[in-house]
There are 2 protein chains.
Amino acid sequence: MAARSRSNPLALAVLALLWERPMHPYEMSMTLRERRKDESVKLNFGSLYSVVDSLVKHGLIEAASTERDGNRPTRTVYRITDSGATEAIDWLTDLVRTPAKEYPQFEAALSFLPLLGPDDVVRLLRLRQASLERQVAGLEASLADAKALGLPAIFSLESEYESAIVRAELAFVTTLVTSIADGSFEGVELWRDLHARAAAHGRLDPEELAEALAPYLSPP
Amino acid sequence: MAARSRSNPLALAVLALLWERPMHPYEMSMTLRERRKDESVKLNFGSLYSVVDSLVKHGLIEAASTERDGNRPTRTVYRITDSGATEAIDWLTDLVRTPAKEYPQFEAALSFLPLLGPDDVVRLLRLRQASLERQVAGLEASLADAKALGLPAIFSLESEYESAIVRAELAFVTTLVTSIADGSFEGVELWRDLHARAAAHGRLDPEELAEALAPYLSPP
DNA sequence: TCCCGAATGTTCTGGTTCGAATATATCTCG
DNA sequence: CGAGATATATTCGAACCAGAACATTCGGGA
């Protein structure tokens, strides 16, 4: 059996669901939604069916039955196989043990931030800040709800984690925006000059940017 | 011109590079590497060429020349167009202003954590903890280097951000592992029981899991 | 000098993923 | 009671992406 690519965590979600009981794909998607797992695993109807096919092809799940209910499309109910159960545990073990290299979009944006001028950046970061604050409030509220309902912490760990990460980003953004706005951010004059001149002739001049960057390029 | 999907930040990187000067794809990839941008934007040779094609197709960049050097494959040098410059700024603006929904793998793993037993989880989290500590140390070291070289902070913001996020994850993991290990984690007995019984007959019983979960499912 | 490995560049292939399209059943509200 | 919204359930095509394969040149040592 050729090794499967563990790229899409939706496959892990499928394995975890089928661990509990056999289901057909639509039922899986609805169950994931009910349990709010679609917050932590990207769920896409189209992808779900291909992921299921791929799991079948690799022998990690298998068709348990195909049932027809009235005139609706035939549904195929799947169950997990022994190698599927093993794979789920192995995969999960790996994810917990080893931090994966991820590429958050905001990190990419920060990489290219010099393309924007400092005043624009301040304006945009303030908007981001507000948005993050709302997000934190939302997460904290739903955590409080879960707690009020008596749901043990083990079932909302992923929200605790998300909340911790978002709060860290918020702290970062707050520090950054403050320091740019009050001028204490190191090199902000250079940055502002570059864009002040750019404003004069329509857009940031590639040559000026290149020149400004030149002294800092090709590090060891 | 059909709207391009902004899914792959590598396209933004290409626009940002061509803003400075025309380049051929291989040169782009090498430049991204030299500047360590491949840490913040996933760089893949295969993808780079398709991304470039797609940018050409949408009129955001264009071929400036095709040169043949000896008998090597013909290289095509590209330059940014006006609409490409606009798109770069718009895209970047959007990324800075609006937090994107992301799906970190660790968050997915936390979602399915009950599949593993608490003792295994403690062992794995300790390994993760050590790994995160090394990562933070590495990031801090390279930030210190950059500072020593006189590189202004604006050019290593993405590392500052990454460091902040990793430190937050480390704090989260540390708290979590400690509380599971010392038994103060809420519901840890229930969790341990489930797996103690599982160990008796080979693997976690789906029915027991389902039963244990049942009281907590279908929240409002 | 000649061969090997590293660097320079691009293309190909096929699996993955997305988003829209499809089709029927059931609910709901006037 | 019928029309439109919503829920059930899957399929399709196009775009996307990763990784390998390919092809050439250059540098350095035996």
Side-chain angles (χ1 to χ4, degrees), chain A residues 1-14 17 22-34 38 41-58 60 63 65-78 100-103 105 108 218, chain B residues 1-14 17 22-34 38 41-58 60 63 65-78 100-103 105 108 218:
Chain A
M1 194 64 60
R4 248 190 58 81
S5 82
R6 288 175 178 173
S7 59
N8 193 347
L10 183 54
L12 178 58
V14 168
L17 285 173
M23 292 188 196
H24 54 93
Y26 185 73
E27 192 182 359
M28 296 175 203
S29 67
M30 288 305 119
T31 310
L32 287 173
R33 284 221 172 139
E34 269 169 31
D38 59 334
V41 176
K42 178 140 71 172
L43 172 57
N44 192 301
F45 279 44
S47 308
L48 180 58
Y49 288 86
S50 2
V51 159
V52 164
D53 283 350
S54 155
L55 287 171
V56 169
K57 204 173 63 189
H58 290 85
L60 304 179
S65 70
T66 48
E67 30 185 84
R68 166 171 294 277
D69 195 2
N71 220 353
R72 291 200 210 152
T74 326
R75 320 179 289 193
T76 305
V77 174
Y78 298 90
K101 172 78 189 142
E102 319 237 21
Y103 298 86
Q105 309 230 48
S218 65
Chain B
M1 192 66 59
R4 249 188 58 81
S5 87
R6 287 174 175 173
S7 60
N8 193 349
L10 184 54
L12 179 58
V14 168
L17 285 173
M23 292 188 196
H24 54 93
Y26 185 72
E27 192 182 0
M28 296 175 202
S29 67
M30 287 305 120
T31 310
L32 287 173
R33 284 221 173 140
E34 270 169 29
D38 58 335
V41 175
K42 179 140 69 170
L43 171 58
N44 193 300
F45 279 44
S47 308
L48 180 59
Y49 287 86
S50 4
V51 158
V52 164
D53 284 350
S54 154
L55 288 171
V56 169
K57 203 171 64 188
H58 290 85
L60 304 179
S65 69
T66 48
E67 30 184 84
R68 166 171 294 276
D69 196 2
N71 220 354
R72 289 200 211 154
T74 327
R75 318 180 290 193
T76 306
V77 175
Y78 297 91
K101 173 80 189 141
E102 320 237 19
Y103 298 86
Q105 310 230 50
S218 65

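In this text, all values refer to a predicted model and were calculated from it rather than measured experimentally. We name chains A, B, ... by the order of the sequence lines, and we start the count at 1 in each one.
- B/E27 places its CD atom 8 Å from the P atom of C/dG9, with the value rounded to the nearest Å.
- A close approach under 4.0 Å does not occur between any side-chain nitrogen or oxygen of B/Y49 and OP1 or OP2 of C/dT11.
- Residue B/S7 places none of its side-chain N or O atoms closer than 4.0 Å to OP1 or OP2 of D/dC16.
- Heavy-atom distances to DNA chain C give each of B/T76 and A/S54 a nearest nucleotide, and the one nearer the 5′ end belongs to B/T76.
- The nearest whole Å value for the distance from the CG atom in B/D53 to the P atom in C/dC12 is 11 Å.
- Side-chain nitrogen and oxygen atoms of A/S50 include none within less than 4.0 Å of the OP1 or OP2 phosphate oxygen of C/dT16.
- Closest contact between the side chain of B/H24 and the listed nucleotides D/dT8, C/dG9, D/dT11 involves C/dG9.
- The listed nucleotides are C/dA7, D/dA7, D/dC16; the one nearest the side chain of A/Y26 is D/dA7.
- Among the nucleotides D/dT8, D/dT10, C/dT17, the one closest to the side chain of A/N8 is C/dT17.
- At the heavy-atom level, B/S5 lies under 4.0 Å from the strands shown only through sugar-phosphate atoms.
- For the pair A/Y78 OH and D/dA9 P, the interatomic distance rounds to 14 Å; values are reported in whole Å.
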Go through the steps to decide whether B/R6 and B/L12 satisfy the test side-chain contact (heavy atoms from CB on, under 4.5 Å), and finish with yes or no.
CA-CA 8 Å; B/R6 287 174 175 173; B/L12 179 58; over 6 Å; no
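- A donor-acceptor pair is defined here as one N or O able to donate and one able to accept, closer than 3.5 Å; no such pair exists between the side chain of B/S54 and the backbone of B/S50.
- Nearest to the side-chain atoms of A/R75 among the listed nucleotides D/dC16, D/dT10, C/dT17 stands D/dT10.
- In this structure, B/V51 and B/A11 approach most closely via the heavy-atom pair CG1-CA, 3.6 Å.
- Phosphate contact (OP1/OP2 of C/dC18, side-chain N/O of A/K42, threshold under 4.0 Å): present.
- If you take CG on B/L32 and CG on B/L10, they are separated by 7.0 Å, rounding to the nearest 0.5 Å.
- Nearest to the side chain of B/N44, among D/dT10, C/dC18, D/dG19, sits D/dG19.
- A/F45 has its CZ atom 9 Å from the C1' atom of D/dT8, to the nearest Å.
- The separation between A/M23 atom CE and D/dT10 atom P is 13 Å, rounded to whole Å.
- The CG-P distance, from A/L48 to C/dG19, rounds to 15 Å in whole Å.
- Comparing atom distances between the B/S47 side chain and each of D/dA18, C/dT17, C/dT16 picks out D/dA18 as nearest.
- The shortest heavy-atom contact between B/S29 and B/F45 is OG-CZ, 4.0 Å.
- Atom pair A/M28:CE and D/dA9:P shows a separation of 13 Å (rounding to whole Å applied).
- What separates NE2 of A/H58 from C1' of C/dG14 is a distance of 13 Å, to the nearest Å.
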